[in-house]
There are 2 protein chains.
Amino acid sequence: MPDTTRRADRLPGNRYGNRPTMKDVAARAGVGLKTVSRVVNGEPGVTPETERRVQEAIDALGFRRNDSARVLRKGRTASIGLVLEDLADPFYGPLSRAVEEVARAHGALLINGSSAEDPDREQELVLALCARRVDGLVVIPAGDDHRYLEPELKAGVATVFVDRPAGQIDADVVVSDNFGGARDGVAHLIAHGHRRIGFIGDMPRIHTAAERLRGYRAAMEDAGIPVEDSWMSLGVTDPERVRRAAEEMLADPRPVTAVFTGNNRVTVTVIRVLAEHTARVALVGFDDIELADLLQPGVTVVAQDAAALGRTAAERLFRQLDGTLLAPDRIELPTRLVTRGSGELPPAV
Amino acid sequence: MPDTTRRADRLPGNRYGNRPTMKDVAARAGVGLKTVSRVVNGEPGVTPETERRVQEAIDALGFRRNDSARVLRKGRTASIGLVLEDLADPFYGPLSRAVEEVARAHGALLINGSSAEDPDREQELVLALCARRVDGLVVIPAGDDHRYLEPELKAGVATVFVDRPAGQIDADVVVSDNFGGARDGVAHLIAHGHRRIGFIGDMPRIHTAAERLRGYRAAMEDAGIPVEDSWMSLGVTDPERVRRAAEEMLADPRPVTAVFTGNNRVTVTVIRVLAEHTARVALVGFDDIELADLLQPGVTVVAQDAAALGRTAAERLFRQLDGTLLAPDRIELPTRLVTRGSGELPPAV
DNA sequence: CCCGCATCTGACAACGTTGTCCAGGCTCTA
DNA sequence: TAGAGCCTGGACAACGTTGTCAGATGCGGG
C-alpha cells in the first residue's frame with residue numbers, strides 16, 4: 001500500500017503516532033526507567049553525568065512526558081473546567097480570561113465549553129469534564145437542577161457556580177447584585193422624571209433575568225407606579241424579536257418614555273431601534289458595552305465586573321482545593337451605575 | 001483530628017477523593033470487570049438482566065468512567081488545544097467559539113490558553129497541551145520559530161496555524177488577506193482625496209501587523225505618495241501610547257487628514273481621540289467593531305471573519321486527523337471593506 | 001583489609017481502563 | 001441424547017507513568 005498519510009501513523013509503533021516513552025529514553029541512554037523519570041521531574045539523586053546522558057536521549061528522541069499516564073498515577077490533573085454560555089459573548093471573554101489567569105497562577109490548564117444556554121448540553125459538558133478528572137469546575141449554569149453533580153461533589157471535585165446560583169444542591173456561588181443593580185438603574189430613570197418605563201429582558205427561568213426583573217418591579221413599586229403588562233417583554237433574546245418588542249412599546253398610543261434593558265445583547269439591539277426613532281427615549285442597560293461612551297447620547301449602564309466574577313470564583317475554587325475554604329458560601333459582587341447621558345434624558349411628554 | 005475539610009479527602013479511599021472504579025461497580029453488581037466496561041461503552045454481548053444490574057450499581061455508586069485511564073489505553077484523547085493571544089479580545093471570542101463548535105461536532109473537547117503575545121508562554125502552553133496528548137492543535141502564534149513542534153508533528157499531532165503563519169516549519173496555515181485588506185482600505189482613503197494618511201499599528205514582528213503595514217505602503221506607492229516617517233507609528237499597543245501617537249500626528253504643522261489603524265484595539269482608542277478633536281479626520285480601521293455603525297460618523301473598517309478563520313482551521317485539523325488531508329497548505333480568506341462614513345470623509349484642507 | 005554508611009540506580013507494582021482470548025453454558029439439530 | 005456452534009462473562013495483559021524498596025557502588029574510618 002502506498003504511503004498516503006502525511007502525518008499520523010506513518011511510522012510503526014504505538015498509538016500516539018510514534019511517541020517515544022521513558023522506556024525508549026532509558027534504553028537509548030543506557031539507564032533505568034526510573035532514572036529517566038527522575039530527570040524529567042527534576043528529582044534529586046542523579047549524577048550530573050547521568051543526567052546529561054538522559055537529557056541527550058530526551059532531546060534526540062523528542063520525548064515528551066505523557067501526562068495521561070502521570071494523571072492516572074498521581075490523581076491530580078492540574079486542570080480545571082469552565083462551562084459558560086457562549087465564549088463569543090463579550091461578557092464571557094473577560095470572565096474566562098480571568099479564570100484562566102488564576103488557573104495559570106496555580107499551574108493549572110483551563111478546559112472550557114459553551115452550553116449555548118441548553119441545560120442538557122451543560123450537563124453533558126460538565127460530565128465530560130468530570131470524566132477527564134478535572135480538579136475543579138467553574139460553572140455558569142444553564143439549567144436549574146444540578147443534583148447530577150452530587151457524586152462529583154462527594155468525590156471531592158471543587159465546584160463554584162458563577163453568575164447564577166446552583167439548583168437543588170449546596171455549592172459555592174459568586175454572583176453580581178442583579179436585583180440591586182436593576183433596582184438602582186430603574187430608580188435612576190424614575191428620579192429623572194420617568195413613569196412609563198419599559199423592561200426588555202431574557203426568560204425569567206434564567207436566574208439573572210428573574211432577579212433583574214424583580215429589581216425593576218421593586219423600583220416601580222417603591223415609587224408607587226403600577227406596571228402595565230404592555231411595558232414588559234420577557235424571554236425575547238434574538239435581535240429580531242427584541243426589535244419587534246421595542247417597536248411595539250414605542251408605537252403604543254401612550255408609549256413608554258424610557259426603557260430598561262436586561263443584558264448587553266438586548267441593549268445593543270434597542271440602541272439600534274432608538275437610533276432610528278426621532279422620539280428621545282431614555283435608556284439604561286444592564287451590562288457595560290464597549291464604546292458606549294462614544295454614542296450620542298452615551299449609554300447609561302449598570303455595569304458588572306465580569307473579570308472580577310471570574311477571578312473571585314477561580315480563587316475560591318483553588319481555596320477549596322487547598323482545603324482553606326470550609327463551607328459553601330454565596331458571594332455577591334456590587335454593580336456600578338455608569339451615567340453617560342441616555343439614562344438622564346427627561347421624559348418626552 | 002477533627003474533620004475540617006469539607007470536600008476532598010474526607011472519605012478514605014483512592015486519590016480522586018473517593019471515586020468508585022469499574023472494579024467497585026463489578027463487585028457490587030456481582031459481575032466481572034469487563035462486563036462493566038461493556039455496559040459503560042454500550043458494547044454488545046450483555047444480557048438485559050445483567051445490564052440492568054450493572055446500571056443499578058453505577059447509579060448507586062455514582063460511577064463515572066476515568067477518561068485518563070481510557071486515554072492511556074486507547075491513545076486518543078478526543079480533545080484539541082487552542083492557543084491564542086487573549087480570550088478577552090473580541091476578535092478571539094468568536095474564533096474560539098467556532099473552533100469549539102467544530103470540535104464538538106467531532107466529539108472533541110477544547111482546551112484553550114492565552115499566550116498574551118509572549119513567545120515563551122506560547123511554547124509553554126503548546127507543550128503542556130502536547131503532554132496531555134491532545135489530538136490536535138490550533139495555534140495563533142506569538143513567536144516566529146516553531147521548530148520546537150517538530151517532534152510533535154512527526155508523532156502525528158495534527159496542527160493548524162491561524163491568523164499568522166508558522167515560523168521555520170512546514171504546517172497548515174489559515175490567514176486573512178491582511179495585505180490586500182490594508183491596501184484596499186488605504187486606497188479607499190486615497191480615492192476620497194487623502195494624501196497625508198497616518199498608520200498606527202502593532203509591532204512589525206507580528207506577521208499580521210507587518211502585512212498590514214506592507215499593504216499601507218503598497219497603496220501609497222501605487223498612488224505615488226511618498227510616506228513620511230512622522231505618519232507612521234509602529235509597535236504601540238497600549239491605549240496610552242496609541243493616544244499619544246495619534247495626538248502627535250494631529251498636532252503636526254501639516255497634520256494627517258486620515259488615519260488607518262492596524263487592529264481593533266488601536267481603532268477604538270483612535271476613535272476616542274478623534275471624538276475629542278474638532279478637526280474632521282477620516283478613519284479606516286482593520287477589524288470590525290461592535291456598534292461601529294452607530295457612531296457619528298459610522299466607522300469604516302476592513303472586516304475579517306474571525307469565526308470563519310476558526311471554523312476553517314478546525315475543519316482542516318479534523319481532516320488531518322481523518323487522513324483526508326494530505327499536504328500542508330496556506331489558505332487565505334478574503335477581507336471585506338465596510339463603508340460607514342468615517343472612511344468617506346473628505347480631507348479637511 | 002573490611003565494615004558501615006551515603007549515594008545513586010533500577011526492578012517491580014500499581015493507577016483504571018480496554019483488547020484478547022478462552023471457558024462454560026445454552027440452544028439447536030441430527 | 002450427543003455434538004456443534006453460539007452467546008455471555010471473566011481472567012489477564014497492556015497502556016506510560018510514579019512510589020517503594022532494595023541492591024549496587026564508592027568512600028572513609030577503624
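Residue numbers begin at 1 in each chain, while the letters A, B, ... track the order of the sequences. Side-chain atoms are counted along with the backbone in the values below, which use heavy atoms only and exclude waters and symmetry mates.
Between B/D67 and A/R133 there is no salt bridge, since none of the side-chain N atoms of the basic residue sits less than 4.0 Å from a carboxylate O of the acidic one. Using a cutoff of 4.0 Å between basic side-chain nitrogens and carboxylate oxygens, B/R19 and A/E152 are scored as salt-bridged.
To the nearest angstrom, P of D/dT18 lies 8 Å from CD of A/E43. Rounded to an integer number of Å, the gap from A/R70 CZ to D/dG19 P is 8 Å. Atom pair A/K23:NZ and C/dA11:P shows a separation of 12 Å (rounding to whole Å applied). Residue A/R133 contributes atom CZ, which lies 12 Å from atom C1' of C/dC15 at whole-angstrom precision. Between B/I58 atom CD1 and C/dT17 atom P the separation is 10 Å, expressed in whole Å. One can place CG of A/L72 at 10 Å from C1' of D/dT18, the figure rounded to the nearest angstrom.
Checked against side-chain contact (heavy atoms from CB on, under 4.5 Å), B/D59 has the following partners two or more places apart in sequence or in another chain: B/Q55. The ring pair (Phe, Tyr, Trp, His ring centres under 6.0 Å) search around A/F161 returns A/H146, not counting sequence neighbours.
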Show the atom names and distances, to 0.1 Å, of all donor-acceptor pairs under 3.5 Å that link a side chain in residues 30-37 of chain A to residues at least two apart or in another chain.
from: A/S37; atom 1: OG; to: A/N41; atom 2: ND2; distance (Å): 3.4

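Pairs engaging residues 104-131 of chain B under the ring pair (Phe, Tyr, Trp, His ring centres under 6.0 Å) rule: B/H106-B/F318 [sequence neighbours left out].
The side chain of B/K74 places an N or O atom within less than 4.0 Å of a non-bridging phosphate oxygen (OP1 or OP2) of C/dG19. The shortest distance between the side-chain N/O atoms of A/N41 and the OP1/OP2 oxygens of D/dT18 is below 4.0 Å. Under 4.0 angstrom from either OP1 or OP2 of D/dG16 there lies no side-chain N or O belonging to A/R19. An OP1 or OP2 oxygen of C/dA14 is reached within less than 4.0 angstrom by no side-chain nitrogen or oxygen of A/R73.
More than 12 heavy atoms of other residues, nucleotides or ligands lie within 6.0 Å of CG in A/D118, so this atom counts as buried by the packing criterion.
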Might you work through the salt bridge (charged side-chain N to carboxylate O under 4.0 Å, His left out) test for B/E85 and A/R97, ending with a clear yes or no? CA-CA 11 Å; B/E85 193 222 318; A/R97 180 65 199 277; over 6 Å; no

Heavy-atom protein contacts under 4.0 Å, nucleotides 4-10 of chain C, coded B base, S sugar-phosphate only, - none: ----SBB

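In the helix from C/dC1-D/dG30 to C/dA30-D/dT1, the rotation axis of the first five pairs and that of the last five pairs differ in direction by 60°, rounded to 10 degrees.
Annotation for B/L84 and B/S96: closest pair CD2-CB, 4.2 Å, computed over non-hydrogen atoms.
Residue B/D67 is classed as having no contact, given no heavy-atom separation below 4.0 Å to the nucleic acid.
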